[in-house]
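By convention here, the first residue in the shown sequence is residue 1.
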Amino acid sequence: MTNRAPPDDPQLARVLARFECGQLSGQMTLMYWLKMGRSVWQIESELARLQESSREGERQHFAELGKLLKRHREGCLRIAAMVGSGVDSDLPARTDAEGIAFCRRLFDWSCQQSGEASVALYSLGSPALLSAATDEIVLWLGEQAVLRPGSDALEIGCGIGRFEEALAPVLGTVTGVDISTEMVQRAQARCRNLPNVSIQLSEGKNLSGFEDASFDLVLAIDSFPYLFQSGWSLLARHFEEARRVLRPGGSLVVLELSYGRSLEADRADFAKLALASSLEIVVNGDQPFHAWDGNAFVAQRGRT
């Protein structure tokens, strides 16, 4: 129990409660705080108040959060400006084409503001934090036995190429596609010395540039929420396309299906989409990561 008064904002109170009980990392906590429209100065002030009114153990938690904010203050200022710009929107698109165009504008602009934050706001704009989060996901992928030496992988929405770079030493080939010209250019520069990596600009409508049964692994890491926002038909088409380009026994890994919904809703929709695409569910909504609170889904194409 605590004697301190909870924050006036119920949403912030829930975020801080998750942080205090270890369900949310410090960087995710700061990201959510910034996404609520708070300035860095407001967060600093609120953290000071929380430390003053908390017991010793809780005070230490908030002190560590304050140190994290101080170390990454410049990145947090940039993220606060990105959030306050109004460029991003949670509104669903009226058509697939409108959704794709919105995402292209958003990610071209976001990449210009901060390459790291454009693919993961919770990186706080820090290459080191982003690298650590990437390593955690790659480790989990290895535990799922989907990273087989010599195999071929495709990432839908590759961003700045962080996973292509990380997976190149492990796999036979890694192909990344993205609809953002800015991100494709960043990814190509990042992976220019990796001969088994290919980065391509995509129209975002489907995977028509790839032949049937040409990959052992299809990754969608924090990209499907934007397909979801663009429309169910576009999301469903990418599930069908993923199955088409997978070889028998290949896996589709989706990390985050949508934003702002319950895990139960995402699990139900993942099951529906996998069934419609003749994919077998392996993982349906696990939360295996520390740095990031993303939900993990895995489906597999049958071996026949």
side-chain contact (heavy atoms from CB on, under 4.5 Å) between Met183 and Val119, worked out | CA-CA 9 Å; Met183 286 186 159; Val119 295; 3.8 Å; yes
**Item:** Derivation and outcome, side-chain contact (heavy atoms from CB on, under 4.5 Å), residues Ile199 and Cys158
**Value:** CA-CA 8 Å; Ile199 307 293; Cys158 66; 4.1 Å; yes
Begin with the C-alpha distance, continue with both residues' side-chain angles, and end with the deciding distance and a verdict on side-chain contact (heavy atoms from CB on, under 4.5 Å) for Thr175 and Glu155.
CA-CA 6 Å; Thr175 301; Glu155 184 183 10; over 6 Å; no
Next item on the list: Using the side-chain contact (heavy atoms from CB on, under 4.5 Å) rule, take Ile160 and Ser118 through it: C-alpha gap first, then chi angles, then the decisive distance, then the call.
Entry: CA-CA 9 Å; Ile160 60 175; Ser118 70; 4.3 Å; yes
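Not a single donor-acceptor pair under 3.5 Å links the side chain of Arg237 to the backbone N or O of Leu234. Between the side chain of Gln300 and the backbone N or O of Gly250 there is no donor-acceptor pair closer than 3.5 Å. For the pair Arg267 (side chain) and Asn284 (backbone), a donor-acceptor distance under 3.5 Å is present.
Using cut-offs of 30° and 60° for the angle between ring planes, the Trp292 and Phe289 rings count as parallel.
Linking Ile, Leu, Val, Met, Phe, Trp and Tyr whenever their side-chain heavy atoms come within less than 4.5 Å puts Leu77 and Met36 in one cluster. Under the 4.5 Å side-chain heavy-atom criterion for grouping Ile, Leu, Val, Met, Phe, Trp and Tyr, Val174 is not connected to Ile156 through any hydrophobic cluster.
Looking at Asp108 and Ser180, their side chains do bring a donor and an acceptor atom within 3.5 Å of each other.
Atom OG of Ser258 is separated from atom CG of Leu227 by 11.5 Å, given to the nearest 0.5 angstrom. To the nearest 0.5 Å, atom CH2 of residue Trp33 and atom CZ of residue Phe19 are 9.0 Å apart. One distance of note links NE2 of His72 with CD1 of Ile79; it measures 10.0 Å at 0.5 Å rounding. Here Asp88 contributes atom CG and Trp109 contributes atom CH2; the two are 8.0 Å apart, rounded to the nearest 0.5 Å. Considering CG of Leu129 and CD of Gln27, their distance stands at 5.0 Å, rounded to 0.5 Å. To the nearest 0.5 Å, atoms CG (Leu34) and CE (Met82) are separated by 11.0 Å.
A salt bridge links Asp9 to Arg38: at least one charged side-chain nitrogen sits closer than 4.0 Å to a carboxylate oxygen. Using a 4.0 Å cut-off between charged nitrogen and carboxylate oxygen, Lys67 and Glu64 count as a salt-bridge pair. At a threshold of 4.0 Å, the pair Glu240-Arg243 does not count as salt-bridged, since none of the basic side-chain nitrogens sits closer than that to a carboxylate oxygen. Using a cutoff of 4.0 Å between basic side-chain nitrogens and carboxylate oxygens, Glu164 and Arg190 are not scored as salt-bridged. Under a 4.0 Å N-O distance rule, the pair Glu165/Arg162 does not qualify as a salt bridge.
Take Asp90 and apply the side chain to side chain donor-acceptor pair (under 3.5 Å) test, not counting sequence neighbours, and it matches no residue.
No side-chain heavy atom of Leu171 sits less than 4.5 Å from a side-chain heavy atom of Asn196. Proximity of Asp269 to Lys272: side-chain heavy atoms (C-beta onward) are separated by under 4.5 Å at one or more points. Considering only heavy atoms from C-beta on, Leu16 comes within 4.5 Å of Phe62 through its side chain. Side chains of Gln287 and Gln23 form no contact here, defined as non-hydrogen atoms less than 4.5 Å apart. In this structure, Leu217 and Ser251 have side chains that are in contact, with non-hydrogen atoms separated by less than 4.5 Å.
Remark: Glu74 CD is loosely packed, at most 12 non-hydrogen atoms of other residues, nucleotides or ligands lying under 6.0 Å away.
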Using atom types as modelled, flag every donor-acceptor pair under 3.5 Å from a side chain in residues 203-211 to any protein atom, sequence neighbours excluded.
unit_1, atom_1, unit_2, atom_2, d
Asn206, OD1, Ser208, N, 3.0
Asn206, OD1, Ser208, OG, 2.8

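Proximity of the aromatic rings of Phe297 and Phe224 is defined here by a centroid distance below 6.0 angstrom, and this criterion is not met. The six-membered or imidazole ring of Tyr226 lies near that of Tyr259, with a centre-to-centre distance under 6.0 Å.
A side-chain contact (heavy atoms from CB on, under 4.5 Å) with Leu255 is found for one member of Asp222, Val298, Ile221 and no other, namely Ile221. Looking at Leu65, Leu12, Leu69, Ile43 one by one, the single match for side-chain contact (heavy atoms from CB on, under 4.5 Å) with Thr29 turns out to be Leu65.
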